[in-house]
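Worksheet for the structure shown next.
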Amino acid sequence: MKITQFMKYPEYKQPLNYGQLGEDILAWWKEHGIFEKSVSSREGQSTFVFYEGPPSANGAPGIHHVMARTVKDIFCRYQTLLGKQVPRKGGWDTHGLPIELQVEKELGITKEDIGHKISIADYNQRCKETVMRFKAQWDDLTEKMGYWVDLDDPYVTFEPEYIESCWALLKRLYDKGLLYKGYTIQPYSPAAGTGLSSHELNQPGTYKDVKDTTVVAQFKVKRDAASEKLFAAPVWERPNGDSPTDVFILAWTTTPWTLPANTGLAVGKNIPYVVVRTINPYTKEYIRVVLAKARVKSYFSEFTEKGKTTPSTYSDWGSPERQIPWEIEAEFTGADLINIHYERLFGTKEGFPNFEGEERAFRVINGDFVTTEDGTGIVHISPTFGADDFRAAQLADIPALMVPDAEGTLGPIVDRTGRYVPQMGEFAGRWVKNYDGHDESGADYKTLDESIVIKMKGDGTAFKVEKYEHTYPHCWRTDKPVLYYPLDSWFIKTTAVKDRLIELNKTINWKPESTGTGRFGNWLENLVDWNLSRSRYWGTPLPIWRTQDRTEEICIGSIAELKVEIDKAVAAEIMTHNPYANGEKIDLHRPYVDDIFLVSPTGQPMYREADLIDVWFDSGAVPYAQWHYPIENAEKFQKNFPADFIAEGVDQTRGWFFTLHALAVMLEDSVAFKNVIANGLVLAKDGQKMSKRLGNAVDPFATIKQFGPDATRWYLIANAPPWDNLKFDPAGVTEVQRRFFSTLFNTYSFYALYANLDAFEMNEKSRVPHADLSELDRWILSKLQSLIAEVRGHLDSYDPTKAARAIQDFVTDQLSNWYVRLSRRRFWKGELTTDKRAAFETLNECLQTVAQLMSPIAPFFAEWLYRNLTFGEFRVKSEELGVENSTTLNSQLLTLNSPESVHLTLLVEADATRIDPKLEERMELAQRISSLAHSLRKKSVLKVRQPLQRILVPVLNDTTKEQVGLVEDLICAEINVKHVEFLDDSSESGVLVKSVKPNFKRLGQQYGPRLKAVGARIQAMTAAEISKLEKEGSLAVEVDGQPITLAPDDVEIRTDDLPGWLVATDGPLTVALDVTLTDELRQEGLARELVNRLQNLRKDSGLEVQDKIRVTLADQQPELTAAVAAFGDYIRTETQALALTFAADVSGGSVLEFDDYSVLVLLEVATS
RNA sequence: GGGCUUGUAGCUCAGGUGGUUAGAGCGCUACACUGAUAAUGUAGAGGUCCGUGGUUCGAGUCCACGCAGGCCCA
């Protein structure tokens, strides 16, 4: 048996299984530690810093995670290709409410049961077990999708070292005075004595319809310089001749009990407001009131407007009983009203308390939440009982009305049980709502709201009182109405660095930019202090211990410090022993830290503040805590801060992006990241959100298995920019696979097939010199350089979509569909000549470069392609068995000095000297002319196989003529004509018919309004005028009686008709086809037909490409015989026929049919 | 309710600084091609550029107000 061994480009007969390809490459990467090498091989180079936004592993990953992680992966791989070292530490986000809720659901318990049915220790243990439940699935997906990140040494936010780092950072903030205890407005249930989470508030049934007493309150404007404009209308006489009438601001509330806590009024700064003269319906006082113009109709009847049913002069109004007369006096916008002062509604004169900051209160302020949907368009602000109120008041420096309790601690006017505090004068001790279940049935019973409203009616401060039904949230446990109430919280004083946050944000490169300036920028502009406190169990505990009287406190910044403090406490006999003394594994979670009591300098015991901190602090601490900094690794931290690049979903804007930024600015006075991509959502193909419930969620594992990781990644990136929402349609992935990957695969297969036949070896050292390359080679290489520059540019500016599309267009349109198609003959014809070698070299370079360029996006396929091109397959050929193929990639070097993986290479740079714009331009001309010629053939029903004598191309200048002339051969070959003939003014005079098209852009700038007339005049130009303009460079014409001078640039001259010829045009380009058929052309056409049929027969007979044949034709058709006689050499060459003979009788042959002919043919393999 | 964002052919998307006749791919129809063939070419059908106003000689593009989808926040 004859056996030969040789090294070849691997060939693949079957269509690729892309899923399998992914798995094979993955296994090879693992075996050879390619990821590790991609980092270690860049040791000593500059670092590209990337932070992994930690995912939570308590749920299965979805396709959107593939999207987000592809974006991250692309830029890390790209920077590696540029030679940077890119360490990527993985991480896990492990704390937080979702995990608690999941555990509670599984255990069938609620928060109330913690500490009763289950100990905190057991509960937290359960959380810890739950949170990493899906870690294996995540790791699996990470690998299969080709996301390179260090999974072996991740940071985990529940580990003691991580928490310790958080503590150290908190202590730094504490030492800077940025940590303080304050309050925020939260839903609170007085009957249950507890705050409610938004999750609890979203329980079904919590929102109920209730009927409340509501009131439109009148706030009396203080007359001063700021408010004088409200009084500016002429003073009008009143029947009793009193002093000028007061102005009141109207504000509606459904909670009258909050009015005594009012400290401000909010208007919308762009909303129009009016001053209305009218009468108070309860006191009959003559008054003027301010309310939104859009709300006037809701409070005043159109029939009682002045001059309608009421007397026309105000003094004649008298004292109407039922109807309230009114008249608009003046109009302002909200901005005009801001900072006007008003008198307190429930003042100290009536026994209501003083409070701190009172002099800054009782002002009109801006509120971006104010609308004219209901009420008066002016909102009463009580900072202690509304979240909007609190925020707007804080921004405008309006104080809250706070009074001291028995211990001197400041609190709101309602205590924690839901009653007014003792300082509330006549209402002291009254229940705000019925939280104690007292009897309301008595005839004289009045709710607090009613009592307050009655008092206001008497005071002349109630403008309208009515019962109003609306929905209001209730406590899910007690069924009583919720209060929005100030609850203690620890805060980070982010507002102290607000300006710096804004300033540094402007240095961050946001993709898309609008997220940085809009969503994030606005958020910073309206920044409030960061509420750190969470009343939960599974999270990082707040490391602050306080004495009972709150006069002394300590913030712990490390485990070592804690141990020292415990020792002190033990010495002071506040603790019996130090639980961490024996080097036991330290757990900094609850309940263990709660059982630690410390001693204050004055010897008092200190207790830990019970709160946990916001989990967003955990993730914002990643840059520091992933290295256990600042406890250790200062150098490592410095080297890896700030990040060059991060990427997460846009929903993280106020989450991770903010906490990273805030902590970096406060701790390091730096940005945390220089470039950030905020990616959008992945939706189902109908645009619906993916959800398990709707059953439209796409399984990432199934997708990757079916289409392979590369097509999946490519689709996600190429279809839409990452920051747009993506509608995920599997059909789109199929298309990417077919159109891009299959085309690239075919191109490679084509190369491998013929390169192997010629035993071609790529050797950079002995390349055919660039100057000796054909037009086509130099063209595709020029295009390739342009592509390199373009892809680099897009990836440098973090736009992967444009990069992917550019690569895709190059591969499908330029490389495959033009270069390879037109070069085919060069690859298969004859011996390995210089030209053939040049073709192999050119195609090889294109494919290798494409492999590099695509490798960040499609890392598996790129690796496959690269290794096929650089490392040949060791194969054995035996006569009996044919060629044995192996799908595994062998490690025999085909291309010298190539790294073993494409991901270890350095990305080629665009060689500007190889870019030839003129060449690219004329090749485009060739493409367009060919397309036009094809379309003419189509119209004339002349198949491409029929050669034609010539095409005619009118040219208007020598440049075009020269350009087309250089690509004439390509055009002729592509459209099967013998010559390209140029028509210009000198040849066959009178043939060219020219027309002009106005250049509107130029003319518009010059003539403006007269453009239409000028355009019409240009389109009416005669042939003589056109030629005059061409020859003399200007043309004087008249438009609307006015002379104007046209320049050549003002028009586009084209020839879109050739009388007597069938023409096709594409913009300024026109082509005519000579469809005259000579006998010779006909014969050549026949010969081509015959070649085609013989090729088909070869293929159908299962012949190898390189097999030689003998052909015998039946000698029955004179035309065919003549054609064979004339073009026998051609036919033999094309079909690799050693012999082409005629015989009278061809037995055992096949019948070939074409055109009007039918011929019997016998095809035999020539054995030698 | 607010901020941001998207809306162009049946579907997925391109359309710097305004220029009159709005493009590509897929899909559809017809024809052609056939040693890259699960490919390719040519032609065709398919558009109130979300709507309404405005600026302009001219608006898919700029402005205002809406409508619809999405995200975040309240």
Side-chain angles (χ1 to χ4, degrees), chain A residues 15 198 268 367-371 373 386-388 391 512 514-523 525-526 649-655 678 680-681 683 685-689 715 718-721 723-727 729 731-732 734-740 742-743 745-751 753-754 801-802 805 808-809 812-813 816-817 820-821 823-825 827-828 930-939 941-945 974-975 997-1005 1007-1015 1064 1091-1096 1098-1100 1103-1105 1134-1136:
Chain A
S198 59
D368 52 20
F369 49 85
V370 176
T371 70
E373 296 289 303
D388 271 342
R391 200 171 55 85
S514 59
T515 299
T517 54
R519 188 180 288 212
F520 196 68
N522 290 344
W523 165 251
E525 295 288 346
N526 294 306
V650 67
D651 53 337
Q652 299 279 331
T653 305
R654 292 172 184 189
L681 262 66
L683 305 169
K685 73 174 188 180
D686 55 0
Q688 295 279 308
K689 206 171 163 173
Y715 169 75
N719 198 55
W723 40 87
D724 281 354
N725 288 348
L726 173 84
K727 291 177 194 155
D729 185 353
T734 311
E735 190 188 325
V736 161
Q737 198 181 62
R738 220 163 36 89
R739 183 157 179 74
F740 176 60
S742 290
T743 303
F745 167 73
N746 283 333
T747 306
Y748 166 76
S749 297
F750 175 85
Y751 171 82
L753 175 64
Y754 293 110
T801 303
K802 287 198 170 133
R805 287 176 179 172
Q808 190 170 306
D809 289 347
T812 57
D813 296 346
S816 168
N817 211 12
V820 173
R821 194 152 58 81
S823 303
R824 269 179 300 191
R825 308 180 64 78
F827 285 91
W828 75 59
S930 300
S931 173
L932 290 171
H934 276 132
S935 119
L936 288 171
R937 275 184 174 277
K938 164 75 190 148
K939 277 186 193 137
V941 198
L942 283 166
K943 53 181 68 172
V944 180
R945 231 178 271 126
E974 169 64 10
I975 60 176
K997 185 178 174 245
N999 180 348
F1000 285 104
K1001 188 164 184 168
R1002 229 182 102 91
L1003 293 167
Q1005 284 156 5
Y1007 299 107
R1010 298 164 66 202
L1011 179 72
K1012 274 209 169 82
V1014 175
V1091 167
N1092 167 247
R1093 297 308 191 276
L1094 288 172
Q1095 300 286 36
N1096 284 349
R1098 281 183 59 115
K1099 198 176 173 188
D1100 293 343
L1103 269 61
E1104 293 292 330
V1105 175
E1134 290 297 307
T1135 59
Q1136 302 184 65

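Chain letters run A, B, ... following the sequence lines, proteins first, then strands; residues in each count from 1.
The partner of B:C28 is B:G44, judged by Watson-Crick or G-U wobble contacts that both fall below 3.5 Å. Nucleotide B:G16: unpaired (no Watson-Crick or G-U wobble partner with both distances less than 3.5 Å). Using Watson-Crick or G-U wobble geometry with both donor-acceptor distances under 3.5 Å, B:G53 finds its partner in B:C63.
Distance check on atom P: B:C65 versus B:A9 gives 26 Å, rounded to whole Å. For B:U29 and B:G46, the C1' atoms lie 11 Å apart once the distance is rounded to whole Å. For the P atoms, the distance linking B:G41 with B:G54 amounts to 46 Å, nearest Å. One P atom belongs to B:G19, the other to B:C63, and the distance between them is 15 Å to the nearest Å. Comparing the P positions of B:U48 and B:C4 gives an interatomic distance of 30 Å, to the nearest angstrom. Atom P of B:G16 sits at a distance of 23 Å from the matching atom of B:C11, rounded to the whole Å. Using atom C1' as the reference point in both B:U61 and B:A14, the two lie 14 Å apart (nearest Å). Atom name P, nucleotides B:G23 and B:G47: the rounded distance is 14 Å, in whole Å.
Contacts of A:Thr515 with the nucleic acid, taken as non-hydrogen atoms under 4.0 Å apart, are absent. Among the atoms of the strands shown, only primed sugar atoms or phosphate atoms (P, OP1, OP2) are found under 4.0 Å from some heavy atom of A:Trp828. Residue A:Ala720 is in sugar-phosphate contact alone, with no base atom involved, counting any heavy-atom pair closer than 4.0 Å across all strands shown. Counting non-hydrogen atoms under 4.0 angstrom, A:Asn1092 reaches the backbone sugars and phosphates but no base. Within 4.0 Å of A:Ser749, counting heavy atoms only, lies no atom of the nucleic acid at all.
Across the interface with RNA chain B, nearest-nucleotide mapping of A:Lys802 and A:Val370 shows A:Val370 to be the residue nearer the 5′ end. Both A:Ala718 and A:Ser930 lie close to RNA chain B; mapped to their nearest nucleotides by heavy-atom distance, the more 5′-ward contact belongs to A:Ala718.
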In the 5'-to-3' direction, what one-character label does each nucleotide of nucleotides 69-74 of chain B receive under the scheme B = base within less than 4.0 Å of a protein heavy atom, S = sugar-phosphate only, - = no such atom?
-BBSSS
Between N or O atoms, less than 3.5 Å apart, protein on one side and nucleotides 23-27 of chain B on the other: list the pairs.
residue: B:G25; atom: O2'; partner: A:Glu735; partner atom: OE2; Å: 2.9
residue: B:C26; atom: O4'; partner: A:Glu735; partner atom: OE2; Å: 3.4

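Rounding to whole angstrom units, NE2 of residue A:His934 and C1' of B:C31 are separated by 14 Å.
Between A:Tyr715 and A:Asp729, some side-chain heavy-atom pair lies under the 4.5 Å cut-off. Here the side chains of A:Trp723 and A:Thr515 are not in contact, with every heavy-atom distance at 4.5 Å or above.
Contact check, A:Lys727 against B:C11: no side-chain N or O comes under 4.0 Å of OP1 or OP2. Not one side-chain nitrogen or oxygen of A:Thr743 sits closer than 4.0 Å to the OP1 or OP2 atom of B:A39.
Note: A:Tyr751 and A:Tyr748 have tilted aromatic rings, judged against thresholds of 30 and 60 degrees for the angle between ring planes. Between A:Tyr754 and A:Trp828, the two ring planes are tilted [angle within 30° to 60°].
Note on A:Asp809 versus A:Arg739: no salt bridge recorded, every NZ/NE/NH1/NH2 to OD/OE distance being 4.0 Å or above.
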